[in-house]
Amino acid sequence: MALYETLAQHFIDDIQAQRLPAGSRLPALRTMAKQHQVSMTTATKAYDYLQQTGWIYAQPQSGYFVANQIESTTFPSLDIRGIEQRDPKRFAPLNGYNPASALFSPLGTSMISPELQPSTFVTTVFPFQPRTL
C-alpha cells in the first residue's frame, strides 16, 4: 500500500470510529503534512483519495470536511400494489390505430401538427400554383 493510502486509511479508521464526526473540519494540508511527517504531495494525494471515495469533501477557501456517511446504499423496493394499469385504448386516436394513415404515429412518438405538415405548409405559403415550363 502506498504512503498516501496508508494515511487515508488512518483517516477512514477515525471516521468509522466516530473520532471524526460528519461535518468536522480536517487539518489544513500543510498542518497534516507536518503532523504525519509526509510531503505536501503525499498529503494532497491522501485528501484527493478520500475525496474521490466519498469520505471527505472540499469547500473552496474553507478546507476539507468529513462527509455524511450513508449506512445503507440499497434502494427501497417499489410497491406496485396501488398502481393502476393503463388502458392503451385510452391513448389511441379516436379512429383507432391505422398504420396506413398519414397521421399514424405509434405511442411514445411525437406528431407534427397537421397544419405544419409539408403539403399544408406549402399551400399556405404559396397559395398560387407555379407555372410549369
Side-chain angles (χ1 to χ4, degrees):
M1 199 177 337
L3 184 57
Y4 76 92
E5 291 173 331
T6 307
L7 188 57
Q9 189 60 49
H10 170 74
F11 281 102
I12 291 171
D13 293 341
D14 286 347
I15 292 169
Q16 288 177 335
Q18 297 294 319
R19 288 188 291 269
L20 288 172
S24 63
R25 186 175 178 174
L26 296 176
L29 280 170
R30 285 194 175 104
T31 307
M32 195 262 284
K34 274 186 181 179
Q35 284 176 351
H36 295 279
Q37 298 175 349
V38 295
S39 69
M40 281 289 292
T41 304
T42 304
T44 304
K45 279 185 178 181
Y47 275 2
D48 287 344
Y49 176 80
L50 289 167
Q51 195 172 2
Q52 289 172 359
T53 54
W55 291 100
I56 66 172
Y57 64 94
Q59 276 190 330
Q61 306 294 320
S62 295
Y64 292 90
F65 297 86
V66 177
N68 289 330
Q69 302 303 315
I70 299 172
E71 295 298 322
S72 173
T73 57
T74 58
F75 290 101
S77 61
L78 179 63
D79 183 20
I80 59 170
R81 285 178 281 175
I83 298 176
E84 286 183 35
Q85 293 294 324
R86 289 188 177 184
D87 181 16
K89 293 177 187 169
R90 184 173 149 216
F91 300 100
L94 295 177
N95 58 354
Y97 287 110
N98 181 4
S101 167
L103 300 176
F104 173 75
S105 177
L107 286 176
T109 59
S110 57
M111 295 176 56
I112 191 167
S113 176
E115 56 271 358
L116 295 177
Q117 290 187 351
S119 61
T120 309
F121 179 73
V122 169
T123 56
T124 56
V125 173
F126 302 106
F128 58 92
Q129 291 290 331
R131 284 189 293 171
T132 55
L133 298 175

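Summarising the geometry of Ser62 relative to Arg25, their closest heavy-atom pair is O-NH2, 2.6 Å, with the distance given to 0.1 Å. For the pair Ala22 and Ala67, the tightest heavy-atom approach, listed with the atom from each and the gap, is CB-O, 3.9 Å. Contact record, Ala46 with Ala8: O-CB, 4.1 Å, taken as the closest heavy-atom pair. Pro21 and Val66 get closest at one heavy-atom pair: O-CB, 3.5 Å.
Rounding to the nearest 0.5 Å places CD of Glu5 at 5.5 Å from OH of Tyr49. For the atom pair CG (Leu26) and CD1 (Ile15), the distance works out to 6.5 Å, reported to the nearest 0.5 Å. Rounding to the nearest 0.5 Å places OG1 of Thr6 at 12.0 Å from NE2 of His36.
One hydrophobic cluster holds both Ile56 and Val38 under the rule that ILVMFWY side chains link at heavy-atom gaps under 4.5 Å. If you chain together hydrophobic residues whose side chains sit under 4.5 Å apart, Leu29 and Leu50 fall into the same group. Hydrophobic clustering places Ile12 together with Leu20 (ILVMFWY residues linked when any side-chain heavy atoms are closer than 4.5 Å, directly or through intermediates). Both Met40 and Leu7 belong to a common hydrophobic cluster when Ile, Leu, Val, Met, Phe, Trp and Tyr are linked at side-chain heavy-atom distances under 4.5 angstrom.
Few gaps surround CZ on Arg19; more than 12 heavy atoms of other groups in view lie less than 6.0 Å from it. The environment of Gln37 atom CD is sparse: at most 12 non-hydrogen atoms of other residues, nucleotides or ligands sit within 6.0 angstrom.
Aromatic ring pairs are classed by plane angle as parallel below 30°, tilted from 30° to 60° and perpendicular above 60°; the pair Phe11 and Tyr47 is perpendicular.
Using modelled atom types, one finds a donor on one side chain and an acceptor on the other under 3.5 Å when comparing Gln9 with Asp13.
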